[in-house]
**Student:** 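Sending over a structure as structure tokens; questions will come in a sec.
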Amino acid sequence: MSPLIEAVGLTKSFGDTVALDGLDLVAERGRVVALLGPNGAGKTTFVRAVATLVRPDGGSLRVDGIDVARRPADVRRQIGLAGQHAAVEPALTGRENLVLVGRLFGLSRRDARAQAAAVLDSLGLNEAADRGAKTYSGGMRRRLDLGASLVGRPRLLLLDEPTTGLDPASRIELWDTIRRLVADGTDVVLTTQYLEEADQLADRIVIIDRGRVVADGTPDELKQRAGRDVIEIHPHSARDLANAGAALESFAGSVPQVDASNRRITLTVDNGGQHLADAIRLLDAGGIVIDDIALRRPTLDEVFLGLVGSTPAQPALVANS
Amino acid sequence: MITTPSSIHLTDGIDDRPLRGSSLVTSTVAIAGRTVRKFVRTPQLIVIGIVQSAMFLLIFRYVFGGAIGTPGVRYVDFLVPGFIAANVLFCGTGTSVGVAEDMEAGFTDRLRSLPMPRTSVIAGRALADTALLALILGVTAGVGFGVGYRLRGSVLEGVAAFGLCIVFGFAFEWFFILLGVLSGNAQAAQGMAMIVFPLTFVSSAYVPVGSMPGWMQPFARNQPVTAMVDAIRSLTLGDHARAVLGHASGHYIGRALLWCVVLVVVFAPIAVGRYRRT
């Protein structure tokens, strides 16, 4: 069976701006793929190319084995797109929005209504179904937008920054909805600027920067590839912090990062289990009191920093205006 | 396959193959239906169009009317047909803004990612906006009758004149859709739509072209608004038409329809091309 998405050497420029610079990506079925990258990395351009909204300048792109450039109409039958902007018609009710999309997918009036009702029900929008979409909260609108992308029973759901601009509660709610879709077997490719979102939803994370894939793997693999485990030490007092910093000066070839404001020392080491024991012995021998010591994988933030050279955006708390 | 109670299952009762998509007619009607419902539920769109038309009609009728000489015919009988034909263009600016808004909001992208002919996106828009135009022109004509306008020809000719206005409106829709697509946002669309001012004012719509400076007259005589205005007058001025215009009505109607064809042939393919392009 052909992969869900197969992109080879994809390029796209808008004037002088290079959006895709030879992007290669194969997405298999049955896994949620998150495209992670900073603003302007090319994530959205890639999704728009898959959705047949942007024609790449070069390279090849297949969805479910179908050449997007040659048979865009067939690709459109397979995909559902929920974009960065909630692309619903505010003057129509939630139900009317979904019936409209169903009709455009070629459903009969009756089937479109049945499908709209099923989608509204599954997204918890039943009560608001017959209200104008303009009365919906941001989170509800986004769910309706997601619903519109589901009416056509897509094989592939494309979610372009699905939770950007949502408050934290709505974000978590939408994550749950996406997880339920995945549980039902819908293949999902999503873009996000938020590591947490990628970590929460995806089986596989593809890190994109400047129009190319710079890293690719499961969340754990990526953390592992950035190498190295992290030992995190929380000394009891400021004096302990200073002493510990001195005692660990050249520990296992690592330079200890002393963070005075959080009274924390981090050591990046290979083979963390062995070194954790060594570190404890060393601290104990020096009479240094510690509140906590832990071995952990690097956070995706640390991975990202290592691979791209800058940290991605943090989920911003959106003020309700 | 295990279906957890919390999973979303949408395929009950309908088989699992990808949907076939919709035809040009189905999708055009569905999209036109959406735009019409938007008008009905956002009455300010309609009310603003009507109030603006009525206001300008009254201004021309009562403020400028006295100062404009129209030999052989009362100014109100000269003005109203011209005003209604030119009003087609002012209504068209709403189309440009609506198209640009849909693009800005991402609604156009949603439609373009669906399995249907992309031509439907604008064909639906052109259809719905022409319906709105008919409503606004109808009300404006009513106001015209209210301020003393009378048909000098037959009622049938009057109806034909109104129909011609709608045809003209449909033809011009494609131009305004293209403006909306090119502008990309509502404010820019509003700005670009300023082009209607030279087209409407430098025409025979409000004043006789003969009263304009010589260098302006060739443009005023040979542009689509004048062609349409003359055709409408030839149908509504009855016996006065020949005196005011010079030729029989067939001449003017032919010229107006030719302009309609030119507008559609030139602008529809460009507009459709912009939507189809990926």
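All heavy atoms count here, side chains included; hydrogens, waters and symmetry mates do not. Per chain, numbering begins at 1; letters A, B, ... match sequence-line order.
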**Student:** I'd like to know if the side chain of A:R77 reaches the main chain of B:P115, judged simply by a donor and an acceptor atom lying under 3.5 Å from each other, with no hydrogens or angles considered.
**Tutor:**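 The answer is no, because no donor-acceptor pair under 3.5 Å joins these two groups.
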
**Student:** Determine whether more than 12 heavy atoms belonging to other residues, nucleotides or ligands lie under 6.0 Å from atom CZ of A:R29.
**Tutor:** yes

**Student:** Could you tell me which residues satisfy side-chain hydrogen bond (donor to acceptor under 3.5 Å, both in side chains) with A:R103, sequence neighbours excluded, listed by chain and number?
**Tutor:** none

**Student:** Does any backbone or side-chain atom of B:T42 lie under 4.5 Å from a heavy atom of chain A? Answer side chain, backbone, both or neither.
**Tutor:** side chain

**Student:** Heavy-atom distance under 4.5 Å between the side chains of B:R118 and A:T52, does that happen here?
**Tutor:**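 Yes, side chains in contact.
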
**Student:** Report the distance from atom CG of A:D74 to atom CZ of B:R20, rounding to the nearest 0.5 Å.
**Tutor:** 14.5 Å

**Student:** With a sphere of 6.0 Å drawn around CD of A:Q200, does it hold more than 12 non-hydrogen atoms of other residues, nucleotides or ligands?
**Tutor:** yes

**Student:** For A:L92, is it the side chain, the backbone, both, or neither that has a heavy atom closer than 4.5 Å to a heavy atom of chain B?
**Tutor:** both

**Student:** Using a heavy-atom distance cut-off of less than 4.5 Å, which residues of residues 24-40 of chain B contact chain A?
**Tutor:** B:T26, B:S27, B:A30, B:I31, B:R34, B:R37, B:K38

**Student:** Would you say CZ of B:F197 has more than 12 non-hydrogen atoms from neighbouring residues, nucleotides or ligands within 6.0 angstrom?
**Tutor:** no

**Student:** Taking atom CD1 of B:I195 as the centre, does the number of heavy atoms from other residues, nucleotides or ligands within less than 6.0 Å exceed 12?
**Tutor:** no

**Student:** Can you pull the salt bridge (charged side-chain N to carboxylate O under 4.0 Å, His left out) pairs that have at least one residue in residues 126-138 of chain B, sequence neighbours excluded?
**Tutor:** B:R125-B:D129

**Student:** What's the separation between atom CD in A:E96 and atom CZ in B:R41, rounded to the nearest 0.5 Å?
**Tutor:** 4.0 Å

**Student:** Tell me if a side-chain donor or acceptor on A:R76 pairs with a main-chain N or O of B:S113 at a distance below 3.5 Å.
**Tutor:** no

**Student:** Which atoms form the tightest heavy-atom contact between B:F107 and A:V88, and what is the distance?
**Tutor:** CD1-C, 4.1 Å

**Student:** Side chain, backbone, both or neither: which part of A:R179 has a non-hydrogen atom closer than 4.5 Å to chain B?
**Tutor:** neither

**Student:** Does B:S22 reach the main-chain N or O of A:G106 with its side chain, forming a donor-acceptor pair under 3.5 Å?
**Tutor:**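 Not a single qualifying donor-acceptor pair exists.
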
**Student:** Identify the residues of residues 82-99 of chain B whose heavy atoms come closer than 4.5 Å to a heavy atom of chain A, ordered by number, or report 'none'.
**Tutor:**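 Near chain A, by residue number: none.
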
**Student:** Less than 4.5 Å to any heavy atom of chain B: does that hold for the side chain of A:E89, its backbone, both, or neither?
**Tutor:**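 For A:E89, heavy atoms of backbone and side chain both lie under 4.5 Å from chain B.
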
**Student:** Measure A:T93 against the heavy atoms of chain B and call it side chain, backbone, both or neither at under 4.5 Å.
**Tutor:** both

**Student:** Taking every heavy-atom pair that is under 4.5 Å apart, which of A:A148, A:A51, A:A69 has the most such pairs with chain B?
**Tutor:** A:A148

**Student:** Please classify the contact between A:A49 and chain B as side chain, backbone, both or neither, with a heavy-atom cut-off of under 4.5 Å.
**Tutor:** neither

**Student:** Should we count CD of A:E127 as having more than 12 external heavy atoms under 6.0 Å?
**Tutor:** no

**Student:** So how far is it from B:L19 CG to A:L104 CG, rounded to the nearest 0.5 Å?
**Tutor:** 11.5 Å

